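Notes to accompany the following structure.
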Amino acid sequence: MAANVIAGGQTALGIELGSTRIKAVLIGPDHQVLATGSHAWENQFVDRLWTYSLGSVWTGVQDCYAALAADVRDTYGLELTTVGSLGISAMMHGYLAFDADGELLVPFRTWRNTNTGPAVDALSAAFEHNIPHRWSIAHLYQAVLDSEPHLESVAHLTTLAGYVHWQLTGEQVLGVGDASGMFPIDTEAGTYDAAMIATFDTLVADRGYDWRLADLLPTIRIAGDQAGTLTQTGARLLDPTATLQAGVPLCPPEGDAGTGMVATNAVAPRTGNVSAGTSIFAMVVLEHPLSRVHHELDLVTTPAGDLVAMVHCNNGASELNAWARLFAEFATAIGAEIDASTVFETLFRASLDGASDGGGLLAYNYLSGEPITGLAEGRPLFVRTPDSRFDLATFIRTHLCAALATLRIGMDVLQSDEHVALDTMFAHGGLFATEGVAQRYLAAAIDTPVSVGDTASEGGAWGIAVLAAYLTRKLPGQTLADYLADEVFSGAELLTLDPDPADRAGFDTFLQRYLAALPVQQAAVEHT
Ligand SMILES: Nc1ncnc2c1ncn2[C@@H]1O[C@H](COP(=O)(O)OP(=O)(O)O)[C@@H](O)[C@H]1O
Ligand SMILES: O=C(CO)[C@@H](O)[C@@H](O)COP(=O)(O)O
């Protein structure tokens, strides 16, 4: 009985801070969802940098937890006083720098910022390793290049998940997957790459700082490791009503890449998954290292420390959101009040009748810069020729194709240049909340079957709940891959869609138009 399981604390709670939604998922011993909560939030563009205030982090986490506790109360008639284990995950990378007293030195710089170009070029050359714009080390080195005064007093760097976990437990640790988005990992040793750490220290030696890089980075933990327990202070931070008790064990904090891999059972070689929300990114667990450095391919790890190639696009669903809001506004104006989910469902379903090649329409979903196509800033664009097919279905289909176009450009490097084999791509994220639409277009875009499970739209929060369950429920010696295969996914139901030949041909035609007109996007950045 679910109520006994909850009252007896045989549960695991996962909380993920995504870019637009903070999600909480409570699961039972069979990993099925018992209760959920969520909180909507938005990044701000302040002084030309994307940020969230730490105040909004805590308001959001508390509101999300309160929504989950209310769901437990309404569904099971219980107050949530404890959980069996807890895990925190979040958007990765970016820059959260603290002094020795734990004071934030500069506003949080999120993964979305592309102001780190000079640092990226210098570090990628020095390390002979691709350092993406959003990596924490790129942000740190950019601050060095810009001679930012706060670097005199920096004592600790972390990610958003690492920060929340630290406040809840007092532990400055990070899961290896999230750590791999701060600084490159030596996957054999399961530590930050020692040679690259030494290279970085040499690069900054003439600046006279009294820290070395290894002092600043969080300690790495692997999936299944204990990473502290919920303190009294932490319990109050999560639940100011003082109903939740301290003492709950926490798994290592992870990034949303790692939780996506867990949520889609894609932690073993030759498995891959796509996360599609504010950003869109594909990850494939590698059998062998890549043959060379590609700026389109980032290297991260699974939560167990295995090497993963990632194609990451900064721009996913944000522009679709903007259009969905506009259509909702129009609906309100004519007296037809509808919720956001109905707007998405209606538009996405309409797109199925649209021209598969976009009918001559073209869109760029670039709200922010996009390193894969070499754009430092973004200008969302919609362009059409006078004779194009301008109807609602084709318009929305064009925007969905645009959301997948940059991903396809990067996947071509992975599949055609690096010959990375992949049987099926698993997918999760809000874009798949309308069943069978974005999934179908993704299969066509990457010419690979795409599978989606029923926790697709809560994927990451469910993934970190599963990692928290792995902490307390794994059998001796049971690897994460075995735990997922044997305990979590053995009876899972997935919907798989094969690429449809007509969709595939249509997407290819759209992509040719998209690539040919990239100078239009570039000109928009230069002239507006
Ligand atoms: N019913 C729906 N159908 C399709 N897409 C949706 C639906 N509801 C929300 N979305 C899309 O999903 C996105 C949120 O996805 P999510 O994975 O939660 O993002 P993030 O982790 O970046 O906050 C929204 O921005 C929206 O574009
Ligand atoms: O950068 C990464 C992964 O490498 C993500 O954390 C970042 O794109 C944020 O993802 P969301 O769009 O919030 O799902």
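Quick note: residue numbers are just sequence positions, from 1. All ligand and atom numbering here is 1-based and tracks the order in the structure. Keep in mind that what you see is a predicted model, and the values were worked out from it rather than measured. FYI, side chains are in, hydrogens and waters are out, and symmetry mates aren't considered; it's all heavy atoms of this structure.
Minimum heavy-atom separation, Met91 to Ser19: CE-CA, 3.7 Å.
Looking at Glu435, Arg21, Lys23, His428 and measuring to atom 21 (O) of ligand 1, the nearest heavy atom belongs to Lys23.
With ligand atoms numbered from 1 in the order given, ligand 1 contributes 17 (O) to contacts under 4.0 Å with heavy atoms of Gly429. Of all atoms in ligand 1, listed by their number and element, those nearer than 4.0 Å to a heavy atom of Ala317 are 27 (O). Within ligand 1, counting atoms from 1 as listed, the ones closer than 4.0 Å to a heavy atom of Phe348 are 4 (C), 5 (N).
Rounding to the nearest 0.5 Å gives a distance of 13.0 Å between CG of Asp225 and CG of Leu250. Note that CG of Asp412 and CD1 of Ile446 are 10.5 Å apart. Values are rounded to the nearest 0.5 Å.
Within 6.0 Å of CG on Asp339 lie more than 12 heavy atoms contributed by other residues, nucleotides or ligands.
Residue contact annotation: Leu320 has no non-hydrogen atom under 4.0 Å from ligand 1.
A distance of 6.0 Å or more separates the ring centres of Trp111 and His133.
Note on ring orientation: taking the six-membered ring where Trp is involved, the planes of Phe507 and Phe510 are tilted (angle from 30° to 60°). Note on ring orientation: taking the six-membered ring where Trp is involved, the planes of Phe45 and Trp50 are tilted (angle from 30° to 60°). Ring orientation note: the planes of Phe382 and Phe395 are nearly perpendicular, at an angle over 60° on the 30°/60° scale. Between Tyr364 and Tyr514, the ring-plane angle classifies as tilted under the 30° and 60° cut-offs.
Polar contact check, Glu345 against ligand 1: no nitrogen or oxygen pair lies under 3.5 Å apart. Considering backbone and side-chain atoms alike, Gly430 places an N or O below 3.5 Å from some N or O of ligand 1.
For a heavy-atom separation below 4.0 Å, the residues in contact with ligand 2 are Gly18, Ser19, Met91, Met92, His93, Trp111, Arg134, Asp256, Thr278, Ser279, Phe281, Met310, His312.
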